[in-house]
Undergrad: 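Okay, handing you the structure first.
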There are 2 protein chains.
Amino acid sequence: MNELRVAVDVVIFRVRQGLLQVLLVKRGLAPFEGRWAFPGGFVLKDESLDAAALRELREETGVGDVYLEQLYTFGEPRRDPRGRVISVSYFALFSGGEPEAKAGSDAAEVEWAAAYKPPLLAFDHRAILDYALQRLRWKLEWTTVGFKLLPKKFTLTELQKVYEAILGRQLDKRNFRRKVALLGVVEPLDEHRQEGIQRPARLHSFSARKFERLKDRGLLFPF
Amino acid sequence: MNELRVAVDVVIFRVRQGLLQVLLVKRGLAPFEGRWAFPGGFVLKDESLDAAALRELREETGVGDVYLEQLYTFGEPRRDPRGRVISVSYFALFSGGEPEAKAGSDAAEVEWAAAYKPPLLAFDHRAILDYALQRLRWKLEWTTVGFKLLPKKFTLTELQKVYEAILGRQLDKRNFRRKVALLGVVEPLDEHRQEGIQRPARLHSFSARKFERLKDRGLLFPF
DNA sequence: TAGTATAGTGTTTATAATACACTTTGTCAA
DNA sequence: TTGACAAAGTGTATTATAAACACTATACTA
C-alpha cells in the first residue's frame, strides 16, 4: 500500500420540487462509519481522473449520463485518518431524467439530501459541499449549466424553479422569460404539458447553436 | 518508489513593460531535457498542496511573497513518461516588487517568457498555461486580482497597462479611471512619480475596505 | 358555465457601459 | 525665459442593460 493515495469524490446535484438536492452515501466502514459522504473512491493505476469520477458515481449510485467537471483538489495532510489521501473533487449535475439514483453494486444506503441543509458529513466533505455550492451558483449565473439540471423537454416555469432553488430567491417571471428569450438558447416546441387543473405550459428545448457566438465575449446569464 | 505520485506545478505571471510574462525553468534532466517547464516538483509526505507549491516556487526561482491559488489537477495516465504523475497546478501573480526572480538552489536556468508567445514547453505544460491564462483573464475582469500584479504604490496608467497586457486590447483612459474610482478600492496618495520628461503621475494604493461589501453581490470589475 | 390555478405577456424607470477630445503640467533644450 | 514635448488628468451625451411592476388567457373540473 502506498503512503500517498489519490481519491475522487463527486458532488452531484439535482433539483426536485423546487429544492436543490445533493447525493450522499452512508458509510458502511470506519472511519466515519454511519456518517454520510459523497460517492467516491481511489483512482486506479491506468485511469484518468475524470474516468475515475464517472466510474465511482456509477458503481455507488447507478447514476450515469451527467454533466461532470473537476472542482478542486483537497490535500491537507490529515484530512483522512487512514493516512495521506489527496481528494480530487468533482462537480456533477443530474438532468432529472427518469432513472432514479439507487444503491449501487456495494448496496450502500444512498439518499438525495437537501443541499442547503445537509446532515453531518464525513471527512472534510462539508467544505467540499460549500465549495461546490459556490461553483454551482456562479456557473448558473454566468453559463448555461442550468439546462443540465433539466430533461430535454421542459417548461419555462421548471427552468425558473431551477434558478430559484439554487440562488435561494424568487425571480420575476417576466424578466426571467425576457432574458431567456434574448439569450436565444431555448426553442419553443409544439407540445404542451399539463401539471394541475390549469392551463397547460408549452414545452421548450435547449439549443446551444446561438450560444457559441456569445461564449467569445465572456459568457453570460445574468439573472 | 510509489507507482502513483503527486506533483505541483506553478504558473506565475507578471507584467513588465506592458507585456504579460510567465516564469519558466529550463529542465536539466530527462525527460524533456533542455525544454522549458513551470517550476514544480513532488509533494512531500506531510506537506499541504499549497505549501508544496510555495516551497517549489522559492526553491527553484527565489520568488516569494506572491498571490497563490490552486488552478486545476491534471491526471491523464500518460502525461509524464516516467510513470503515473498527477499534477496539481497552481496559479500565481508576482507583484513586480523589486526582488528579481533568479536561479534558485539547484541553479537551473530561469526566465520570464512572453505568456502569449511561450517557447515549446515540456509535458502537458502548454495546456496548463492556456488554462492559467483563461483563469487570469477571467479573474481580472471579475475580481480585484489585477492589483496583485502591482507593487503597493502604483500609477493609474500602470494599472491600466496591466489590464491591457492581459486582455490584449486597448482600454479607454477615462472610462477605465471612472470605473476604478466607482469601485472605491484605490486611494490617491500625496506622492507623485516621474517616468519621462513629462508631467509626473499621482501614486495610488489599493484598499480592500470598500470591496468587502461588493463581494456579497457577486464580484465585479467589468472592463 | 362558473371557479380555479398556473401560463403567458409590455412598459416605464433606473442604472451601467460606451464613445469620444481637449486642457494641464513638469521637464528639457534652445 | 520660453516654447516644445509627452504623458497626466478630466466630462458629457448616447446607448444598452437591468429592475420593478399587474393583468389577461386558457384548459380543466365540478
Side-chain angles (χ1 to χ4, degrees), chain A residues 17-18 140-142 150 153-165 167-205 210-211 213-214 216-223, chain B residues 17-18 140-142 146 150 153-165 167 169-205 210-211 213-214 216-223:
Chain A
Q17 282 134 248
L140 192 77
E141 297 197 74
W142 299 102
L150 289 169
K153 297 175 181 182
F154 51 85
T155 67
L156 294 180
T157 299
E158 286 170 340
L159 181 62
Q160 186 175 339
K161 276 193 190 316
V162 165
Y163 276 80
E164 291 177 334
L167 299 180
R169 62 191 161 91
Q170 306 267 103
L171 299 172
D172 180 88
K173 201 203 303 195
R174 283 165 295 184
N175 290 341
F176 183 85
R177 288 174 183 225
R178 177 161 357 108
K179 283 174 199 164
V180 169
L182 215 82
L183 254 186
V185 294
V186 292
E187 286 188 347
L189 303 174
D190 278 334
E191 293 177 69
H192 295 259
R193 181 195 295 152
Q194 185 140 12
E195 209 59 56
I197 65 160
Q198 76 289 2
R199 178 175 177 179
R202 180 181 287 270
L203 290 174
H204 297 255
S205 69
K210 293 190 190 167
F211 188 60
R213 283 190 308 113
L214 301 171
D216 308 336
R217 332 161 65 217
L219 354 92
L220 357 93
F221 225 60
F223 289 109
Chain B
Q17 283 135 247
L140 192 77
E141 296 197 73
W142 300 102
L150 288 170
K153 298 176 181 181
F154 52 86
T155 67
L156 294 180
T157 298
E158 286 170 341
L159 181 61
Q160 186 174 340
K161 277 194 189 317
V162 165
Y163 276 79
E164 291 177 333
L167 299 179
R169 61 191 161 91
Q170 306 267 103
L171 299 172
D172 180 89
K173 201 204 300 196
R174 281 165 296 183
N175 292 339
F176 183 85
R177 287 174 183 226
R178 174 155 3 98
K179 282 176 200 162
V180 169
L182 215 81
L183 253 186
V185 295
V186 293
E187 287 187 346
L189 303 174
D190 277 334
E191 293 176 68
H192 295 258
R193 181 195 297 153
Q194 185 138 12
E195 209 60 56
I197 65 159
Q198 75 288 5
R199 178 176 176 180
R202 181 180 284 272
L203 290 174
H204 293 73
S205 69
K210 293 190 189 166
F211 188 60
R213 283 189 308 113
L214 302 171
D216 308 336
R217 335 160 64 218
L219 351 93
L220 354 99
F221 224 62
F223 288 111

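Computed over heavy atoms, backbone and side chain alike; hydrogens, waters and symmetry mates excluded. Proteins come first, then strands; the chains are lettered A, B, ... in the order of their sequence lines, and each starts at number 1.
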Undergrad: Within this structure, what is the CD-to-C1' distance between E195(B) and dC28(C), rounded to whole angstrom?
TA: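 Checked: the CD to C1' distance equals 17 Å.
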
Undergrad: For R202(B), which contact category applies under a 4.0 Å heavy-atom criterion: base, sugar-phosphate, or nothing?
TA: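 Sugar-phosphate contact only.
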
Undergrad: When the distance from CZ of R178(A) to C1' of dG10(C) is rounded to whole Å, what number comes out?
TA: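 About 8 Å, once rounded to whole Å.
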
Undergrad: Please check the phosphate of dA7(D) (OP1 and OP2 only) for any side-chain N or O of K173(B) closer than 4.0 Å.
TA: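 So the side chain of K173(B) is outside the cut-off, no N or O lying under 4.0 Å from OP1 or OP2 of dA7(D).
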
Undergrad: Measuring to OP1 and OP2 of dG10(C), would you say a side-chain N or O of R174(A) lies under 4.0 angstrom away?
TA: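 For R174(A), the contact criterion (side-chain N or O under 4.0 Å from OP1 or OP2 of dG10(C)) is not met.
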
Undergrad: Kindly assign one of parallel, tilted or perpendicular to the pair F176(A) and Y163(A), based on the angle between their ring planes and the thresholds 30° and 60°.
TA: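 Taking Y163(A) first and then F176(A), their aromatic rings stand perpendicular (interplane angle over 60°).
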
Undergrad: Could you tell me whether the phosphate oxygens of dA8(D), OP1 or OP2, come under 4.0 Å of any side-chain nitrogen or oxygen in T157(B)?
TA: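 Yes.
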
Undergrad: NE2 of H192(B) versus C1' of dG9(D): gap in Å, rounded?
TA: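 To the nearest whole Å, that distance equals 11 Å.
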
Undergrad: At what distance, to the nearest 0.5 angstrom, does CD of E187(B) lie from NZ of K153(B)?
TA: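 Going from the CD atom of E187(B) to the NZ atom of K153(B) covers 12.5 Å.
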
Undergrad: What is the separation between atom CG on L203(B) and atom C1' on dA8(D), rounded to the nearest whole Å?
TA: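 It is 13 Å, rounded to the nearest whole Å.
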
Undergrad: If you take all heavy atoms of A165(B) and G18(B), which pair is closest and at what distance?
TA: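 In terms of heavy atoms, the two residues are closest at CB-O, 3.5 Å.
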
Undergrad: Which value, rounded to the nearest 0.5 Å, describes the distance between Q170(B) atom CD and K161(B) atom NZ?
TA: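 Rounded to the nearest 0.5 Å, the CD-NZ separation comes out at 8.0 Å.
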
Undergrad: To the nearest angstrom, how far is R193(B) atom CZ from dG9(D) atom P?
TA: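 Result: 12 Å.
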
Undergrad: I'd like a table of atom pairs between the protein and nucleotides 26-29 of chain D - only N or O on both sides, under 3.5 Å - with the distance next to each one.
TA:
{"residue": "dT26(D)", "atom": "O4'", "partner": "R199(A)", "partner atom": "NE", "Å": "3.4"}
{"residue": "dC28(D)", "atom": "O4'", "partner": "I197(A)", "partner atom": "O", "Å": "3.3"}

Undergrad: Quick one: closest heavy-atom pair of E158(A) and T155(A), and the distance?
TA: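 Shortest heavy-atom separation between E158(A) and T155(A) comes out as OE1-N, 2.9 Å.
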
Undergrad: Looking only at heavy atoms, what is the nearest atom pair of L189(B) and R202(B), with distance?
TA: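 In terms of heavy atoms, the two residues are closest at O-NH1, 2.6 Å.
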
Undergrad: Nearest whole angstrom, please: distance from the P of dT12(D) to the CG of D172(B).
TA: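 About 16 Å, once rounded to whole Å.
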
Undergrad: May I have the distance from E164(A) (atom CD) to dT6(C) (atom P), rounded to whole angstrom?
TA: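 Distance check: E164(A) CD to dT6(C) P gives 13 Å.
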
Undergrad: Any base atoms under 4.0 Å from T155(B), or only sugar-phosphate, or nothing? Heavy atoms, all strands.
TA: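 No contact.
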
Undergrad: Rounded to the nearest 0.5 Å, what separation is found between the CZ atom of R193(A) and the OG1 atom of T157(A)?
TA: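 So the gap between those two atoms works out to 10.5 Å.
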
Undergrad: In whole angstroms, how far is the C1' atom of dT11(C) from the CG atom of N175(A)?
TA: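 One finds 11 Å between C1' of dT11(C) and CG of N175(A), rounded.
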
